[in-house]
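Worth knowing before you read on, the calculation uses all heavy atoms, side chains too, and leaves out hydrogens, waters and symmetry mates. Lettering follows sequence order; numbering is per chain, from 1.
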2 protein chains.
Amino acid sequence: MQRRVYDCQVGCPVESTLQFISGKWKSVILYHLIEEKVCHFGQLKRDLKDCSTRMLALQLVELEKDKLIQKNIYSEEPLRTDYTLTEFGATLIPVIRAMSEWGDRFNQLNG
Amino acid sequence: MQRRVYDCQVGCPVESTLQFISGKWKSVILYHLIEEKVCHFGQLKRDLKDCSTRMLALQLVELEKDKLIQKNIYSEEPLRTDYTLTEFGATLIPVIRAMSEWGDRFNQLNG
DNA sequence: CAGAATCCCACTCGATACTG
DNA sequence: CAGTATCGAGTGGGATTCTG
């Protein structure tokens, strides 16, 4: 689950952005976090039907490393965790929003 | 270079969008086409420094299959081709724009 | 519930060489 | 110039099992 290496010396802004959101499920995860504010692991697991447990965990780790999301652990039984956007992650809202709006329109036109 | 399989029955709009732009270099190619209107193969090759010839060709084929871009062939010597956005491809401009704007801001703040 | 660890195959994708 | 063809190493990522 390496982040892709884009050459950002040349300063291509799209490549810069991709470094953060190009992971297989990252933008979908961010989308759900934007819509639902707070998400548990199992909930994301259900939302992302085709994403394996392993993949979900890996993507969450990377998003957290990149400071886009924050993981909150509650030491209860049973174990409980949730994820929220950080302030930095929230700066991506316009990007994710643009993607979801395009997808919504596409879905409307194509059933 | 398969397009990724996201479950779009559930209608996640972000997944719908990703079906079109999640290829490794697709959004970067679209970005250059938006900025420069018309691009030749060799020009894109130079712009996308870390993208191999093979990858560039594959991504262009997929973008064309998806009707996002149009390939125009001129039977001259030497061979000449160029690529432009289709109308459908142009509907993605807000998405790509959002990505490039975020990347611009990020690059400013981080050198 | 929320993940980490292992296994392992299919596919990705770069390098190289070739074509019209 | 604008690609295609072939080869092969590397890894992405699913399935499964295990832990606290």
- Message: Just the rounded figure in Å: distance from P of dC1(D) to CG of L60(B).
- Response: 16 Å
- Item | Interatomic spacing from CG in L30(B) to OH in Y83(B) - rounded to 0.5 Å | 13.0 Å
- Message: Measuring to OP1 and OP2 of dG3(D), would you say a side-chain N or O of K71(B) lies under 4.0 angstrom away?
- Response: yes
- Atom CG in L44(A), atom CG in L60(A): separation rounded to 0.5 Å? 6.0 Å
- Rounded interatomic separation in angstrom, taking CZ from R46(A) and C1' from dC1(C): 10 Å
- Can you tell me how far P of dG3(C) sits from CG of L63(A), to the nearest Å? 13 Å
- Query: Could you run down nucleotides 14-20 of chain C 5' to 3' and tag each one B, S or - for protein heavy-atom contact under 4.0 Å?
  - Reply: BB----B
- Point-to-point distance, once rounded to the nearest 0.5 Å, from CG of L48(B) to CD1 of I29(B): 6.0 Å
- At what distance, to the nearest 0.5 angstrom, does CH2 of W25(B) lie from CG of L18(A)? 8.5 Å
- Can you tell me how far C1' of dG13(D) sits from NZ of K26(A), to the nearest Å? 15 Å
- Nearest whole angstrom, please: distance from the P of dG3(C) to the CG of L56(A). 8 Å
- Whole-Å distance between dA2(C) C1' and D82(A) CG? 12 Å
- From D50(A) atom CG to C12(B) atom SG, the distance as rounded to the nearest 0.5 Å: 11.0 Å
- Message: Please report the distance, rounded to the nearest Å, between CD1 in I73(B) and P in dC1(D).
- Response: 17 Å
- Message: Within the 4.0 Å heavy-atom criterion, would you say Y83(A) contacts the bases, only the backbone, or no part of the nucleic acid?
- Response: sugar-phosphate
- Round to a whole Å and report the spacing from NZ of K45(B) to P of dG3(D). 13 Å
- Message: Check the orientation of F20(B) and F88(B). Use parallel for under 30°, tilted for 30 to 60°, and perpendicular for over 60°.
- Response: perpendicular
- Item | Which atom of L56(A) lies closest to which atom of K45(A), heavy atoms considered | CD2-N, 3.6 Å
- OP1 or OP2 of dA2(C) less than 4.0 angstrom from a side-chain nitrogen or oxygen of H40(A), does that happen here? yes
- Message: With nearest nucleotide decided by heavy atoms, which residue, R80(A) or A57(A), maps closer to the 5′ end of DNA chain C?
- Response: R80(A)
